[in-house]
Student: 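Please read through the structure below; I'll follow up with questions.
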Amino acid sequence: EKIKVLSMQINPHFVFNTLNTVKWMAISNKQPYIKRMIESLITLMRSVTYTRDDEIAIEDELKLLDSYVYIQKMRFVNFEVVYEVEENAKQLRILKLLLQPFVENCIIHAFQGKNGGIITIRIYRAGEKLHIFIEDNGCGFRMSSPSEIPTTSEKHHSDQVGIRNVQQRIQLTYGKEYTTEIHSEEGKGTRVHLILPVILREEP
């Protein structure tokens, strides 16, 4: 019980201050990669800890995704992320951290044993619907139904849960007509298609 009470006293300010100290130590010792990694982690943690908005502008979502991708590139060096985002879609709003579980799935599973993996994120508006594609040129997998989230092994169960959570967030927030479609073929990669409503950025 004492340990539990003490752990509750370590608040987010302490964590951020500690990370900032480590960042400045990295700067002093000319370690740019460590500095950038700490900055990326701080960006993600601030978004989760302090930002109460459930929805953010797409351009801000992509900045969060960039921070996540940079951290992962320190672990997995065999992939690149390419963005193809229409200018008129950047200010539209989507649920925060909506894309991260799909990108994580690509990074961890799609490029095993493969060099030169590419994840392409394509975003555009068509009428009153927003279309987001997350595609990879990885190993792919066999599917029984293109609209269903595939059953994974127990080893990858947490990834499946994360993707199902995204689908549930979309439908609970926007309605059953908005959905997630996954298409994959062995040896030819995977494509995720998110169909969302067009939500304009509120004026300040």
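Keep in mind that the numbers below use all heavy atoms, side chains included, and drop hydrogens, waters and symmetry copies.
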Student: Tell me whether E59 is salt-bridged to K63, with the criterion being a basic N under 4.0 Å from an acidic carboxylate O.
Tutor: no
Student: Does any non-hydrogen side-chain atom of I118 lie less than 4.5 Å from one of D136?
Tutor: no
Student: I need the E185 CD to R191 CZ distance, nearest 0.5 Å.
Tutor: 11.0 Å
Student: About how many Å separate CD of Q168 and CD1 of I163, when rounded to the nearest 0.5 Å?
Tutor: 12.5 Å
Student: What's the separation between atom CD1 in I38 and atom OG1 in T43, rounded to the nearest 0.5 Å?
Tutor: 11.5 Å
Student: Give, for atom NZ of K23 and atom CD of Q31, the distance between the pair rounded to the nearest 0.5 Å.
Tutor: 15.5 Å
Student: Measure from the side-chain N and O atoms of R125 to the backbone N and O of G127, and report whether any donor-acceptor pair falls under 3.5 Å.
Tutor: yes
Student: Over all heavy atoms of both residues, which pair between L130 and P197 is shortest? Give the atoms and the distance, please.
Tutor: CB-O, 4.0 Å
Student: I need the minimum non-hydrogen distance between G140 and S184, along with the two atoms involved.
Tutor: CA-OG, 3.3 Å
Student: In terms of hydrophobic clustering (I, L, V, M, F, W, Y; side-chain heavy atoms under 4.5 Å; direct or indirect links), are V22 and M74 co-clustered?
Tutor: yes
Student: Heavy-atom distance under 4.5 Å between the side chains of I123 and I121, does that happen here?
Tutor: yes
Student: Linking I/L/V/M/F/W/Y whenever any side-chain heavy atoms sit under 4.5 Å apart, do L62 and Y124 land together?
Tutor: no
Student: Would you indicate whether the side-chain heavy atoms of L95 and I56 approach each other to under 4.5 Å?
Tutor: no
Student: Minimum heavy-atom separation for I58 and A89, please, with both atom names.
Tutor: CD1-O, 3.2 Å
Student: How about I170 and T180: do any of their side-chain heavy atoms sit closer than 4.5 Å?
Tutor: yes
Student: Give the C-alpha distance, both sets of side-chain angles, the deciding distance and a yes or no for side chain to side chain contact (heavy atoms under 4.5 Å, CB included) between L98 and L196.
Tutor: CA-CA 11 Å; L98 196 68; L196 305 173; 3.8 Å; yes
Student: Side-chain heavy atoms nearer than 4.5 Å, only ILVMFWY residues, links allowed to pass through others: does that put L99 and V82 together?
Tutor: no
Student: Do Y68 and I107 make a side-chain contact, defined as non-hydrogen atoms from C-beta onward lying under 4.5 Å apart?
Tutor: yes
Student: Just verifying a value: how many Å separate C139 SG and K188 NZ, rounded to the nearest 0.5 Å?
Tutor: 14.5 Å
Student: Within a reach of under 6.0 Å around CE of M25, are more than 12 heavy atoms found that belong to other residues, nucleotides or ligands?
Tutor: no
Student: Please name all residues satisfying side chain to side chain donor-acceptor pair (under 3.5 Å) with E87, sequence neighbours left out, ordered by chain then number.
Tutor: K90
Student: Write down the atom of S67, the atom of S40, and the distance for their closest heavy-atom approach.
Tutor: O-CB, 3.4 Å
Student: Walk me through whether I134 and T190 qualify under side chain to side chain contact (heavy atoms under 4.5 Å, CB included).
Tutor: CA-CA 8 Å; I134 304 158; T190 301; over 6 Å; no
Student: Any ion pair linking E55 and K96 (charged N to carboxylate O, less than 4.0 Å)?
Tutor: no
Student: On the ring face of Y70, is R36 found with NZ or CZ under 6.0 Å from the centre and within 45° of the axis?
Tutor: yes
Student: Just so I know, are the side chains of K35 and W24 near enough to count as touching, which here means a heavy-atom distance under 4.5 Å?
Tutor: no
Student: Rounded to the nearest 0.5 Å, what's the gap from CD1 on I71 to CE on M37? Could you check?
Tutor: 6.0 Å
Student: Transitively linked via ILVMFWY side-chain contacts under 4.5 Å: V69 with Y33?
Tutor: yes
Student: Is any side-chain heavy atom of L92 less than 4.5 Å from a side-chain heavy atom of I199?
Tutor: no
Student: Can you establish whether the number of heavy atoms outside Y83 located under 6.0 Å from its atom OH is more than 12?
Tutor: yes
Student: Indicate if F133 and L97 have the same hydrophobic cluster label, given that clusters are the connected sets of ILVMFWY residues with side-chain heavy-atom separations under 4.5 angstrom.
Tutor: no
Student: Which pairs pass salt bridge (charged side-chain N to carboxylate O under 4.0 Å, His left out) with one or both residues in residues 66-78, sequence neighbours excluded?
Tutor: K73-E80
Student: Less than 4.5 Å apart, side chain to side chain, heavy atoms only: is that true for E181 and I195?
Tutor: yes
Student: F102 and L194: side chain to side chain contact (heavy atoms under 4.5 Å, CB included), yes or no, with the steps?
Tutor: CA-CA 11 Å; F102 297 105; L194 306 181; 3.9 Å; yes
Student: Tell me if the aromatic rings of H131 and H193 count as close, with their centers under 6.0 Å from one another.
Tutor: yes
